[in-house]
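Down below is the structure, laid out as structure tokens.
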Amino acid sequence: MKIPNIELGNISRYRAEQMGAAMLFVILFHVALDRGDPFYGLRRCGNVGVDIFLFLSGVGLWFAWTKTPCISHFYRRRLLRILPTWLVCSTAFYLPDYLGARRYSQSIVDLIDDITINWDFWLHDELTFWYVPAIMLLYLLAPWYMMLVQRHPIYRWLPLLMVVWCVMVQWVLPIHHAVGHLEIFWSRVPIFFIGINFGVLVKEKRTIGSDAVWLLLITFAMTFGTCLYLEQVRHGNFPLFVERMLYIPFTVCSVLVMNRIFRRTPEWLNRAFRLVGALSLEAYLIHIHFVLVYVQPCGLGYWGTFAVTVAITLPLAWLLQRSIGLIERFFQVRNCKKQTI
């Protein structure tokens, strides 16, 4: 039986399904589990869902940019997708805290900074919703990178320097003391820009010969197996950035493997993953601090907690997305009427 070629265009075709899978991986990662549980290492590997998000986001940005290569249009579209949802969730989280315990925001200025850009993450690695301020900064940088590589393709190798920077942040002490607290961000930067680089290949629907399938599977097995071993057996005994460097080939291979899986799964299952993928931003912002924090103490066990968290999060995420969409359309209609008058 002949093995089919690896069609990179499928990264775009099944992008929504893969975003859905990545969101479920992240929720699995966030559900607490005893260190001695046999599933502990696999649960910890769910952290790669963040890297899959970033990789697929980079691929999508190349499509968006080449369709409309305008910086103001690019920023407007990205901000409209993220900012309203972010402001609703960050306000719902930080404002009650400021009016009560003040575990996060110590002053009104600090409150405003946390609500708008999660300033405490940048200052001292406060990880509440850290992914959103991180992706917003990457979105700010993305069009400049894409313009650079369009003019000078050699700069597509810059992600390798970003990997070097991660090593510097970890072990060059002056740099570590200055920005080492942002390791969780630095170690995710390379995969985002690698995703942009892949966007070119995906848009051109390049293929990789079937003889590379075994290399893909070997790379996937080696990176996944190493991450699994490190988390199950040696968790806490190595710098996390080392594992996140393994996440780079692990992420790319995982996406390519998932492409081949989603080509063969029933449509109803793909539709379910697409639904989760379409709600991934809202689900990310809601599931930890608005759902899981209340479900976890109920003693439902790992899988019970995961199932209930997903069952509550997805309807809330849909309502949030729907509500913000209606508000945005309302203001668009009002602006249109004003312009007509």
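On a predicted model such as this, the values are computed, not experimentally measured, just so you know.
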Here the ring-ring contact (aromatic ring centres under 6.0 Å, His included) pairs for residues 197-218, sequence neighbours left out, are F55-F198

Does any non-hydrogen side-chain atom of [Y] lie less than 4.5 Å from one of [X]?
X: L228; Y: R44; value: no
X: V149; Y: Y145; value: yes
X: I11; Y: L201; value: no
X: C45; Y: F25; value: no
X: L24; Y: V310; value: yes
X: Q18; Y: N259; value: yes
X: L111; Y: I108; value: yes
X: Y94; Y: Y104; value: yes

Any side-chain donor near an acceptor of the partner, T66 and K203, under 3.5 Å
yes

Open item on the list: Is it the case that the side chains of E231 and N47 hold a donor-acceptor pair, with the cut-off being a distance below 3.5 Å and no angle test?
Closed with: no

Exercise answer: donor-acceptor pairs, residues 267-277 side-chain atoms, under 3.5 Å, sequence neighbours excluded:
unit_1 : atom_1 : unit_2 : atom_2 : d
E267   : OE2    : R274   : NH2    : 2.4
N270   : OD1    : T265   : OG1    : 2.4
N270   : ND2    : F262   : O      : 3.0
R274   : NH1    : E17    : OE2    : 2.9

Report, as yes or no, whether the 6.0 Å neighbourhood of atom [atom1] on [X] holds more than 12 heavy atoms from other residues, nucleotides or ligands.
X: R322; atom1: CZ; result: no
X: M222; atom1: CE; result: no
X: Y294; atom1: OH; result: no
X: R102; atom1: CZ; result: yes

How long is the straight-line distance from [atom2] of [Y] back to [atom1] of [X], given to the nearest 0.5 Å?
X: L87; Y: T116; atom1: CG; atom2: OG1; result: 8.0 Å
X: W62; Y: I196; atom1: CH2; atom2: CD1; result: 8.5 Å
X: D125; Y: F185; atom1: CG; atom2: CZ; result: 12.0 Å
X: L161; Y: C166; atom1: CG; atom2: SG; result: 11.0 Å
X: C89; Y: L320; atom1: SG; atom2: CG; result: 5.0 Å

- Query: So H289 and F93, would you call those rings parallel, tilted or perpendicular, with 30° and 60° as cut-offs?
  - Reply: tilted

Review point. Should the ring pair F121 and W130 be called parallel, tilted or perpendicular, given that the plane angle runs from 0 to 90° and is split at 30 and 60?
Key: tilted

Taking all heavy atoms of [X] and all of [Y], pick out the closest pair and write down the distance.
X: I194; Y: P159; answer: CG1-CB, 3.7 Å
X: F192; Y: S57; answer: CE1-CB, 4.3 Å
X: P133; Y: N118; answer: CG-CB, 3.7 Å
X: A21; Y: M258; answer: CB-SD, 3.8 Å
X: L61; Y: M146; answer: O-SD, 3.8 Å
X: A22; Y: G49; answer: CB-O, 3.5 Å

> Can any side-chain N or O of R35 pair as donor or acceptor with the backbone N or O of Q232 at less than 3.5 Å?
Replying inline: yes

Any donor-acceptor pair under 3.5 Å from Q170 side chain to V172 backbone: no

Test of ring centre spacing under 6.0 Å for Y284 and F53 = no

query: Are H181 and H124 close enough that their ring centres sit under 6.0 Å apart?
result: no

Exactly one candidate in F29, Y40, F39 meets ring-ring contact (aromatic ring centres under 6.0 Å, His included) with Y302; the answer is F39

If Ile, Leu, Val, Met, Phe, Trp and Tyr residues are connected whenever their side-chain heavy atoms lie under 4.5 Å apart, and connections chain through other members, are [X] and [Y] in the same group?
X: I261; Y: V202; result: yes
X: L141; Y: I71; result: yes
X: V48; Y: L246; result: no
X: M147; Y: V59; result: yes
X: L240; Y: V163; result: no

Under the salt bridge (charged side-chain N to carboxylate O under 4.0 Å, His left out) rule, what do R188 and D51 come out as? Steps first, then yes or no, please. CA-CA 7 Å; R188 264 49 184 267; D51 300 76; 3.1 Å; yes

Checking I27, L33, L292 against T305 for side-chain contact (heavy atoms from CB on, under 4.5 Å), the one that qualifies is L292

If you apply the rule salt bridge (charged side-chain N to carboxylate O under 4.0 Å, His left out), what do you find for R206 with E7, and how did you get there? CA-CA 6 Å; R206 300 276 189 92; E7 299 177 14; over 6 Å; no

The complete set of side chain to side chain donor-acceptor pair (under 3.5 Å) pairs with one or both residues in residues 146-165, sequence neighbours excluded, reads W65-Q150

Exercise. Between R81 and E282, does at least one N-O distance fall below 4.0 Å, as a salt bridge requires?
Worked result: yes

